[in-house]
Q: 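Before anything else, here's the structure in question.
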Amino acid sequence: MPELPEVETIRSGLATHVPGSAIEGVEVHAPQVLRRQDGGPGALGDLVVGRTITGAHRRGKFLWLTLAGEDYALLIHLGMSGQVLVRAREREPHRHLRVRLALRRQDGSAQDLWFVDQRMFGYLAAVPLGPDPHGGGPIPVTMTHIGPDPFEPALVPGSPLRRRINRRIRASTRGIKAILLDQQVVSGVGNIYADEALWRARVHGARPANRLTAGKVEEILTAATDVMVEALAAGGTSFDALYVDVAGEPGYFERALAAYGRAGQPCLRCGALIVRETYLGRSSFRCPRCQRRPARTR
DNA sequence: ACGAGCTCCTGCTTGC
DNA sequence: TGCAAGCAGGAGCTCG
């Protein structure tokens, strides 16, 4: 499940391979992944063919390639199982190949950009660029509601934005994990890194956010940032073949996970057995001793 | 305005 | 053995 570190690994791979290349053609194998395209699936080709890719950007789990003219971007969300692969033109198509972009490099050589997605929760869309409400560079207009992510300089500890977000979190009665998963507050954290951050901060995910101190919220945000920095250094987390980088290589952070997926195994801090629970309709893993359930929940 | 719940989708696993 | 149900879950949407 791609979260911030995995999407950043892909962004960085794209940044080294595709800027300067022109999009020569679009081949759609599954129109479903273009369901968010304004004007319908057919509009994608009209908006991107003939244009040159100028850069690869990311906020949270959203990825976009800017196009020459800097008025439009090709927005990519990987959903649960999306992959972006840079492939040789001759390569045999992948079973779950949904969209193929034919690229032409500046030196005249050809390469393909594949959007592969088994479960098709992901999508592609050519979207106009607009101003960033959080003060950064232009972003696709369909994602202006997405909050800043912990890798953004504006969100460093002690910054005004960080303090504002800390207050916003503590104004809510929702469980802290629900807020971590809410991409409109802070983006980039998904189910895996939320559980890891909460384990590190010794907090139960169902703890109402308004009952946390500013210092504890800060500790949770820092833990989320730290675990994602470490995961990025390992190339991301690959549970199965569903997450790979643009060259098709998996990441190696799974072996460093302390909570997620470790039900029945000892807590690396205290030895109590990690438990799996359902929270918000998805699985949560925690240490029953380090992360005590809040008193009045359930 | 906020939050809870539903929905999209495929493939692997589980149970009868 | 074969089939159906269960499960995985990001984020946009609807509804209260």
Side-chain angles (χ1 to χ4, degrees), chain A residues 1-8 10-11 28-38 40-41 58-64 75-84 94-99 115-125 127 139-149 165 167-198 205-211 224 228 236-244 254 257 259-264 276-285 297-298:
Chain A
M1 296 131 252
E3 301 181 30
L4 191 155
E6 293 75 32
V7 180
E8 173 56 24
I10 291 167
R11 185 211 62 78
V28 181
H29 296 256
Q32 170 69 16
V33 304
L34 303 183
R35 66 192 176 281
R36 307 235 168 248
Q37 176 62 55
D38 199 24
R58 181 192 57 73
R59 165 167 283 169
K61 307 173 198 170
F62 289 78
L63 183 64
W64 66 95
L75 180 63
I76 303 171
H77 196 288
L78 303 175
M80 289 277 305
S81 55
Q83 304 177 355
V84 181
H94 188 286
R95 178 183 180 190
H96 299 121
L97 175 62
R98 309 304 188 190
V99 173
F115 182 70
V116 169
D117 189 7
Q118 179 195 100
R119 296 180 195 168
M120 295 207 285
F121 274 31
Y123 61 88
L124 301 184
V127 177
I139 63 169
V141 297
T142 53
M143 54 167 285
T144 49
H145 62 296
I146 297 299
D149 71 54
I165 284 176
R167 281 196 299 272
R168 180 172 170 190
I169 290 171
R170 285 179 294 115
S172 173
T173 58
R174 301 162 78 191
I176 182 63
K177 182 169 177 180
I179 299 177
L180 289 177
L181 295 178
D182 183 347
Q183 304 299 301
Q184 302 188 47
V185 182
V186 170
S187 66
V189 180
N191 205 34
I192 296 173
Y193 298 116
D195 277 4
E196 293 301 306
L198 291 169
R207 178 96 63 91
N210 64 353
R211 287 166 56 192
M228 292 195 295
T237 299
S238 300
F239 274 107
D240 40 36
L242 293 186
Y243 164 71
V244 293
E254 186 198 348
L257 295 176
Y260 192 88
R262 295 194 66 244
R276 177 188 176 280
E277 298 168 333
T278 296
Y279 177 64
L280 303 173
R282 46 197 49 127
S283 57
S284 285
F285 297 86
T297 309
R298 289 191 199 184

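Only heavy atoms go into these numbers, but all of them, side chains included; no hydrogens, no water, no symmetry mates. Because the structure is a prediction, the values reported are computed rather than measured. Order of the sequence lines sets the chain letters (A, B, ...), proteins ahead of strands, with each chain counted from 1.
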Q: 5'-most contact on DNA chain C: A/H77 or A/G281, nearest heavy atom basis?
A: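 Looking at DNA chain C, the more 5' nearest nucleotide goes with A/G281.
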
Q: Quick check for you: to the nearest 0.5 Å, what is the distance between A/H77 atom NE2 and A/Y123 atom OH?
A: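 Reported value, rounded in 0.5 Å steps: 5.5 Å.
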
Q: So how far is it from A/E3 CD to A/D149 CG, rounded to the nearest 0.5 Å?
A: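 Reported value, rounded in 0.5 Å steps: 12.5 Å.
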
Q: Hey, does the side chain of A/H96 come within less than 4.0 Å of B/dG11's phosphate (OP1/OP2), counting only N and O?
A: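 Affirmative; the distance criterion is met.
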
Q: Out of C/dA11, B/dT10, B/dG3, which has the shortest distance to the side chain of A/S172?
A: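 Nearest to the side chain of A/S172 among the choices is B/dG3.
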
Q: 5'-most contact on DNA chain B: A/D182 or A/R35, nearest heavy atom basis?
A: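 It is A/D182 whose nearest nucleotide is closer to the 5' end.
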
Q: Taking only N and O in the side chain of A/S81, is any of them less than 4.0 Å away from OP1 or OP2 of C/dG9?
A: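 Indeed not, no polar side-chain atom of A/S81 lies that close.
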
Q: Can you tell me which nucleotide in B/dC8, B/dG3, C/dG9 comes closest to the side chain of A/Q32?
A: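 So the nucleotide nearest the side chain must be B/dC8.
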
Q: Want to settle it: does A/M80 or A/I146 sit nearer the 5' end of DNA chain C, counting the closest nucleotide to each?
A: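 Per heavy-atom nearest nucleotide, the more 5' residue is A/M80.
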
Q: Check the distance between C/dG9's P and A/Y123's OH and give it to me in whole angstrom.
A: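 Checked: the OH to P distance equals 20 Å.
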
Q: More than 12 heavy atoms of other residues, nucleotides or ligands under 6.0 Å from CG of A/N210: is that the case?
A: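 Counting neighbours around CG of A/N210, more than 12 heavy atoms of other residues, nucleotides or ligands fall under 6.0 Å, so yes.
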
Q: Take the protein atom CE of A/M120 and the nucleotide atom C1' of B/dT7, then report the distance between them rounded to whole Å.
A: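 Interatomic distance, CE of A/M120 to C1' of B/dT7: 15 Å.
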
Q: Starting from C1' on C/dA11, measure out to CG on A/L180 and report it in whole angstrom.
A: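 My rounded result for the distance is 16 Å.
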
Q: Between P on B/dC8 and CG on A/L34, what's the gap in Å once rounded to a whole number?
A: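 Rounded to the whole Å, the gap is 19 Å.
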
Q: Pick the nucleotide of DNA chain B nearest each of A/R282 and A/T173; which residue has the one closer to the 5' end?
A: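 On the 5' side of the pair lies A/T173.
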
Q: Using a heavy-atom cut-off of under 4.0 Å over every strand shown, decide if A/Y260 touches base, sugar-phosphate, or nothing.
A: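 Counting heavy atoms under 4.0 Å across all strands, the contact made by A/Y260 is with sugar-phosphate only.
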
Q: Can you tell me how far P of B/dC8 sits from CZ of A/R36, to the nearest Å?
A: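 Distance check: A/R36 CZ to B/dC8 P gives 13 Å.
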
Q: Can you tell me the distance, in whole Å, between the CZ atom of A/R174 and the C1' atom of B/dG5?
A: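 To the nearest whole Å, that distance equals 12 Å.
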
Q: From CD of A/Q184 over to C1' of C/dA11, roughly how many Å is that when rounded to an integer?
A: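 About 9 Å, once rounded to whole Å.
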
Q: What integer distance in Å separates A/Q83:CD from B/dT10:C1'?
A: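 After rounding, the gap between these two atoms is 14 Å.
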
Q: Taking the six-membered ring for Trp, does A/F121 stack with C/dA11 (centroid gap under 5.5 Å, planes within less than 30°)?
A: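 No, the aromatic ring of A/F121 does not stack with the base.
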
Q: Would you give the length of the straight line joining atom CD1 of A/I10 to atom OH of A/Y243, rounded to the nearest 0.5 angstrom?
A: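 Reported to 0.5 Å precision, the distance equals 5.0 Å.
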
Q: Contact class for A/E3 vs. all strands (heavy atom < 4.0 Å): base, sugar-phosphate, or nothing?
A: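 Touches nothing.
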
Q: Quick one: are A/S238 and A/V244 in side-chain contact, heavy atoms under 4.5 Å?
A: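 In short, these two side chains do not touch, never coming nearer than 4.5 Å.
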
Q: For B/dT10, take OP1 and OP2 only and decide whether either is under 4.0 Å from a side-chain N or O of A/Q118.
A: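 Answer is no, no contact under 4.0 Å.
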
